[in-house]
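Notes for the one structure printed next.
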Amino acid sequence: MADLIRMVGITKYYGRVRALEDVDFSVREQEIVGLLGDNGAGKSTLIKVLSGAVPVTSGEIWVRGEKAEIRSTTDAIRYGIETIYQDSALVTQLSIARNLFLGREPVKGPRWLGRMDLAAMNEVASGLLRKVGIEKRIPPETPIAALSGGERQAVAIARAMHFDSDLIVLDEPTNNLGVAETQGVLNFVRGARASGHSCIFIAHNIHHVFQVVDRIVVMRRGRVVADDIDPKASSVEAVEQVITGMTAEGVPVGE
Ligand SMILES: Nc1ncnc2c1ncn2[C@@H]1O[C@H](COP(=O)(O)OP(=O)(O)OP(=O)(O)O)[C@@H](O)[C@H]1O
Ligand SMILES: [Mg+2]
């Protein structure tokens with residue numbers, strides 16, 4: 001499969017802190033990539049650069065073989081990149097249904113009247129909530145402020161599912177989730193390939209990553225230290241060593 005996304009020589013400084021150093025990272029079409037690394041390794045920064053949330057210091061991003069200028073999340077969405085952040089961006093005063101359609105609301109009647117089709121939004125929202133594993137019957141009119149952290153994350157995931165982005169980026173989507181919701185997310189990531197999507201999946205739970213991804217990329221201190229680990233041909237322990245740079249005995253790898 002061809003490359004959907006190619007990031008080349010990405011370096012990012014936050015003031016004097018170097019968060020990324022000369023990172024090359026790519027995702028092929030219909031590929032699920034697991035991005036692993038310890039706290040502060042640079043995972044979130046890399047995907048924030050890709051999704052236009054933070055400006056890059058230097059480096060290039062290519063989408064489907066064309067150089068892309070991604071300066072905002074709106075730019076990223078135009079390139080088909082939808083990101084669900086660790087601290088997901090939802091408008092807490094608005095309902096679940098309104099958040100799902102934010103900026104892309106279906107209209108009812110003549111377009112110039114600009115009347116939102118609330119009934120249609122509510123119906124789609126109900127179906128999506130069930131799909132992401134929220135079994136509890138939460139009315140789609142419920143404001144986000146009344147939801148738990150996990151439920152909020154599920155709403156953000158539902159949004160990416162509905163709008164059919166080419167690349168869905170999930171930054172620790174299972175962090176605050178219960179068992180049913182976690183299974184919902186893992187099933188969604190598994191199903192992403194079959195429905196023609198690519199996915200970047202960041203999680204600290206390596207077992208979850210092993211269950212769903214095609215390829216594992218490991219970052220350490222702002223650099224990519226492995227970019228072609230096949231979860232079917234590798235063990236969790238071996239990947240843990242790559243993440244920490246230490247053997248199980250606490251000896252630096254390669255010494
Ligand atoms: N807004 C910021 N300002 C300054 N430094 C930052 C900022 N965001 C991140 N950093 C620094 O950049 C480095 C990489 O952080 P990043 O959030 O990308 O790591 P991460 O791999 O996502 O970690 P975690 O697993 O804890 O989420 C860290 O040293 C962090 O302290
Ligand atoms: Mg992070």
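Both counts, for ligands and for their atoms, begin at 1 and track the order of listing.
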Legend entry - Shortest non-hydrogen separation from I243 to D38 and the atoms involved: CG2-N, 3.7 Å
Legend entry - Test item, D171 contacting ligand 1 (heavy atom, 4.0 angstrom): no
Inset, instruction - Using the side chain to side chain contact (heavy atoms under 4.5 Å, CB included) rule, take M7 and E60 through it: C-alpha gap first, then chi angles, then the decisive distance, then the call. - result: CA-CA 6 Å; M7 302 176 80; E60 292 177 353; over 6 Å; no
Inset, instruction - Inspect the surroundings of CZ in R220 and state if more than 12 heavy atoms from other residues, nucleotides or ligands are less than 6.0 Å away. - result: yes
Legend entry - Sidechain-backbone polar pair: R18 side chain, G222 backbone, donor-acceptor under 3.5 Å: no
Inset, instruction - Say whether M219 and ligand 1 are in contact under the criterion: heavy-atom distance to a ligand atom below 4.0 Å. - result: no
Inset, instruction - Please determine, by modelled atom types, if H197 and Q30 share a side-chain donor-acceptor pair under 3.5 angstrom. - result: no
Legend entry - N, O or S from T45 under 2.8 Å to the Mg ion (ligand 2): no
Legend entry - Location of contacts on D38 toward ligand 1, heavy atoms closer than 4.0 Å: backbone
Legend entry - Where ligand 1 meets S44 - atom numbers and elements under 4.0 angstrom, heavy-atom basis: 17 (O), 18 (O), 20 (P), 22 (O), 27 (O)
Inset, instruction - Using a 4.0 Å heavy-atom cut-off, say whether K48 meets ligand 1 through its side chain, its backbone, both or neither. - result: neither
Legend entry - Heteroatom proximity flag, G42 to ligand 1, N/O under 3.5 Å: yes
Inset, instruction - Verify whether one side chain among S44 and D171 offers a donor that lies under 3.5 Å from an acceptor in the other. - result: yes
Inset, instruction - Measure the CD-CG distance between E123 and L128 for me, rounded to the nearest 0.5 Å. - result: 11.0 Å
Inset, instruction - Pull out every atom of ligand 1 sitting under 4.0 Å from any heavy atom of T45, numbered as shown with elements. - result: 14 (C), 15 (O), 16 (P), 18 (O)
Legend entry - Nitrogen or oxygen atoms of V17 and ligand 1 under 3.5 Å apart: no
Inset, instruction - Enumerate the atoms of ligand 1 whose separation from the nearest heavy atom of E172 is less than 4.0 angstrom. - result: 25 (O), 27 (O)
Legend entry - Those atoms of ligand 1 less than 4.0 Å from some heavy atom in A19: 12 (O), 13 (C)
Inset, instruction - Answer side chain, backbone, both or neither: which part of H204 comes under 4.0 Å from ligand 1, heavy atoms only. - result: side chain
Inset, instruction - Report the residue from I70, V56, V8, I81 that forms a side-chain contact (heavy atoms from CB on, under 4.5 Å) with I61. - result: I70
